[in-house]
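Take a look at the structure below.
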Protein chains: 2
Amino acid sequence: MNTLSYILLCMLVRKPCTGYELKQYLALFWEAHHSQIYTSLAKLLKEGYVSVENDEKHTQKKIYHLTKKGENIVNNWIQEETKEPSQKDEFLAKIYVASILDKDTVKGLLFERKQHQLKLLKQNQEKQTQIDQLTDPKEKQKNFGRFLVIQRKIRICEEELRWCQWAEEQVDQLFLAK
Amino acid sequence: MNTLSYILLCMLVRKPCTGYELKQYLALFWEAHHSQIYTSLAKLLKEGYVSVENDEKHTQKKIYHLTKKGENIVNNWIQEETKEPSQKDEFLAKIYVASILDKDTVKGLLFERKQHQLKLLKQNQEKQTQIDQLTDPKEKQKNFGRFLVIQRKIRICEEELRWCQWAEEQVDQLFLAK
DNA sequence: TACTGCATGTAAGTCGTTACATGATTTG
DNA sequence: CAAATCATGTAACGACTTACATGCAGTA
């Protein structure tokens, strides 16, 4: 059992999913290519942590369900120590060397980042709207954790956008002084 | 040349560093174990992108400098397309399944996260103070990119702390309703 | 009917983690 | 003078990326 396997099992607590869906849900706080997800799901199935149901209409679809054994192992994992988050951000490495770049390059980098963050923000706001529209209290409760995580993402996107704005102003000031 | 190699070269733009220092500077936006850093530096040296100077007092220390060739390749890399940031955060996977956890577990997770973020915030505020204390304009200019990146980290830490606070309130409300 | 998105899978090669290994320097 | 931190390195193993490969479903 590696970390990705536990993450996949966590995703299945809320509802049964296909591998394809898992990849998308995961994106809120994890990264994995489909090749990795499908091989991990195959292992989890072999070891009995998940079960598969074949969709009748879409015969190619495999809907994975969490088994009792799977839920137990998730519960144990949650009690274990939580590893610190890891991040890799090329953009910040480029910003780090701003002093050897020209104004247009730095501004271009910041512009692209802003576009990316705006896109992310919009996507997450849509996800939130979907949760807000749930009327069934049971469904709403099942989505509580997801709701918290999406809210966090939205807040951080907004803060990053404010930082981009501020950074642009700093760049302007620096090149004015030169 | 992989991404880590470019990141290392970027770090050396500001000032010559040892592998040990690089690991610490990197932490602002990248993660790498020392084993990876030392082997990458050895490759960069062999290919002439960096040069080594041995510290006279501390003979075990190897201070890496960026060569002209290294600076050129960094400049080319910066013009290339920037890969999107990647993140891996176990904590959020655990929060995601909040609905099957008890109140104390969720609150405990949030508490630990808060402690971690407070530590990070403090560390970065110290880094900022160091930059603020620079008086030489040239030194200050060289640290411009670093300044931007540290500011971003501080802002995001603060936002995450606000989110933790908010999330605790949400948890209280949920368990009140139950 | 062509194109985009949905959906799954395998294999080779690269990257990253963990463990092993050593030794100097600083601080209480 | 013991412990923590600084400082560097190698090797084995596991995780991740990239490329190859296939086919269905919806829509313009």
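Lettering follows sequence order; numbering is per chain, from 1. Note that the structure is predicted; figures quoted are calculated from it, not measured.
Within the nucleic acid shown, A/Lys88 comes within 4.0 Å of sugar-phosphate atoms alone, with no base atom in reach, counting heavy atoms only. If you check every strand for non-hydrogen atoms under 4.0 Å, B/Ser35 touches a base.
Note: the hydrophobic cluster containing A/Ile156 does not contain A/Leu110 (ILVMFWY, side chain heavy atoms under 4.5 Å, direct or indirect links).
When ring centroids are compared, B/Phe147 and A/Trp166 come within the 6.0 Å threshold.
Summarising the geometry, the separation between CG on B/Leu26 and P on C/dC15 is reported as 16 Å, rounded to the nearest angstrom. At whole-Å resolution of the value, CG in B/Asn2 and P in C/dG16 are 6 Å apart. Between the OH atom of A/Tyr20 and the C1' atom of C/dT4 there is a distance of 10 Å, given to the nearest Å. For the pair A/His34 NE2 and D/dC20 P, the interatomic distance rounds to 13 Å; values are reported in whole Å. Atom C1' of nucleotide C/dT17 and atom CH2 of B/Trp30 are separated by 16 Å, given to the nearest angstrom. Atom NZ of B/Lys62 is separated from atom C1' of C/dG23 by 14 Å (rounded to the nearest Å). Note: CD1 (B/Ile7) to P (C/dC15) measures 13 Å, nearest angstrom. Across the protein-nucleic acid pair, A/His33 atom NE2 and C/dG9 atom P stand 18 Å apart, rounded to whole Å.
OP1 and OP2 of D/dG9 both lie 4.0 Å or more from every side-chain N or O belonging to B/Tyr38.
Side-chain atoms of A/Gln60 come within donor-acceptor range of the base of D/dG23, with a qualifying N/O pair under 3.5 Å.
In this structure, B/Lys61 and B/Ala42 both approach DNA chain D, and ranking their closest nucleotides by distance from the 5' end singles out B/Lys61. Toward the 5' end of DNA chain C, the nearer of the two residues A/Lys83 and B/Thr3, judged by each one's closest nucleotide, is B/Thr3.
Relative to the ring axis of A/Tyr25, A/Arg14 places its NZ or CZ within 45° and under 6.0 Å from the centre.
Ion pairing between A/Glu21 and A/Lys61 fails under the 4.0 Å rule for side-chain N and carboxylate O.
When atom types are taken as modelled, the side chain of A/Trp77 and the backbone of A/Thr3 share no donor-acceptor pair closer than 3.5 angstrom.
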